[in-house]
Number of protein chains: 2
Amino acid sequence: MPDQVKPVTRAAQTRTRNQSLIIDAAESVFARHGYTGGSLKMIAEAANLPKANVVYYFGSKENLYQALLTRIVKIWELGLGDISSDSDPAVVLEQYIRKKVSQSRRYPLASKIFTSEIIQGAPHLDEIFWKELKHWLNNQVAIIQSWIDLEKMNSVDPKHLLFMIWSSTQHYADYSTQLGHLMPSENDELVFDDAANTLCNIILGGCGLKSANLSVH
Amino acid sequence: MPDQVKPVTRAAQTRTRNQSLIIDAAESVFARHGYTGGSLKMIAEAANLPKANVVYYFGSKENLYQALLTRIVKIWELGLGDISSDSDPAVVLEQYIRKKVSQSRRYPLASKIFTSEIIQGAPHLDEIFWKELKHWLNNQVAIIQSWIDLEKMNSVDPKHLLFMIWSSTQHYADYSTQLGHLMPSENDELVFDDAANTLCNIILGGCGLKSANLSVH
DNA sequence: CAACATCTTGTCCGATCGGACAAATAAATT
DNA sequence: AATTTATTTGTCCGATCGGACAAGATGTTG
């Protein structure tokens, strides 16, 4: 397919720019009002475009939301990276926790939309998503279990350990409203650093490991 | 107030029964569709009553949701009970974790609605709620800090420790859809028991404490 | 039983929703 | 320059929303 032969026309640039404007606006609107509560009118106003333009580029509200969900799931995919039984569990787990906290800080809206989707029964996620997630989870569980078998760490249920990491890290995205009331701070980054350090200390400690206080690269 | 003088008339019974039917239906509908997505028609059908009847008892959708939110917040209030610096942190924390997991199992819809409310910016929670929550949190933080000062447990940030307990326990309510895909089990109770045990082991262990594997009374 | 209050229910209303459509405009291709 | 394709935008539509209202049914109290 000779796609790169075609020059990047001005129209094509406009197209991608507007699609990006719209999907960003949709992320903000859906995060604040939910799928049903977010209207095409609100999204259009947030994107500074007429409502009909939104429909023109994405066909329907459902399609727009699906495109947004796809983008969000891709962020999650960047998982623990390549790990094996030979890896050091302390390093892998600490890096994973810090990466998840960092994602909560950088993409809080993504986490909010995903959590809302799950809470409401995941009506927009298909079987393929669950199949892939299950496959990914089983791989990680097997590796963690091998660490336990090799006595590299305490015997804890690997699935619940991963659920714990997911929930406690995404909490700093999903519950940002509550955190704003309970931890009024002028420096958000400090809060996230404290959170990551505390989570690493407790979770690694609870697994019989020792945090090296790594930073996220 | 001579309320108990008045006999419990049949009309009054009907009133409380219908109010209860409606608010239960509202909980189920709002949990599955969100505040905006849940319609009075859906709630009425779930309660087996005409839509106008719902409005009659609660005045408006907003009032109904507020009544529901109030009921939900009351469940949360049952916190760590009476504790002090003299209490054993291992016992207190373990009981608190198990109680929170138990609440996730018994009132999953309550947690889902509350989390959705927070995600969307808590537009229906007033300053009084935040004031009381802050007050409650500061008390617990002071006690945990005293345990740390007395070297009864490791030095961890008390606030982040509590956030971790909240998020990892409520995860088993909010993410029930995901858990249904990743942990297909014929016995839900087993999953919750495993979850509580793992959470207690890791969190207590991470605090330098030892779980006694208590049960929730 | 008469009066009164409470509850039930069908119907109607303005507002808003997602989105279909056409006409006007801009850009790309020949 | 002519033609075709892509984009913009205003307008219109049926469906659904929350909720107001009135009339009838039922229950309570003198």
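Source: prediction; values computed, not measured. Here is the naming used below: chain letters follow the sequence lines, and residue numbers restart at 1 for every chain.
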Counting side-chain heavy atoms from CB outward, which of [options] is closest to [X]?
X	options	result
A:R15	C:dG18, D:dT7, D:dC21	D:dT7
A:Y57	D:dG10, D:dG19, D:dT7	D:dT7
A:K41	C:dG10, D:dT8, C:dC17	C:dC17
B:K51	C:dT8, C:dG18, D:dG19	D:dG19
B:A52	D:dC21, D:dT8, D:dT9	D:dC21
B:S39	D:dT8, D:dG18, C:dC17	D:dG18
A:Y56	C:dG18, D:dG18, D:dT8	D:dT8

Distance-only polar pair, side chains of B:W76 and B:Y107, donor-acceptor under 3.5 Å: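 Distance-only check fails for B:W76 and B:Y107.
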
Short side-chain N/O contact to D:dT8 OP1/OP2 from A:N18, under 4.0 Å: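 Indeed, a polar side-chain atom of A:N18 lies that close.
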
Distance, rounded to the nearest Å, where B:L40 contributes CG and C:dC13 contributes P: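 Checked: the CG to P distance equals 20 Å.
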
Whole angstrom value for the distance that separates C1' of C:dG10 from CG of B:N53: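 After rounding, the gap between these two atoms is 12 Å.
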
Other residues, nucleotides, ligands: >12 heavy atoms within 6.0 Å of B:R32 CZ: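 Not buried by this count: 12 neighbours or fewer within 6.0 Å.
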
Mutual orientation of the aromatic rings belonging to B:F163 and B:H160 [parallel < 30°, tilted 30-60°, perpendicular > 60°]: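 Rings of B:F163 and B:H160: perpendicular, as their planes differ by over 60°.
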
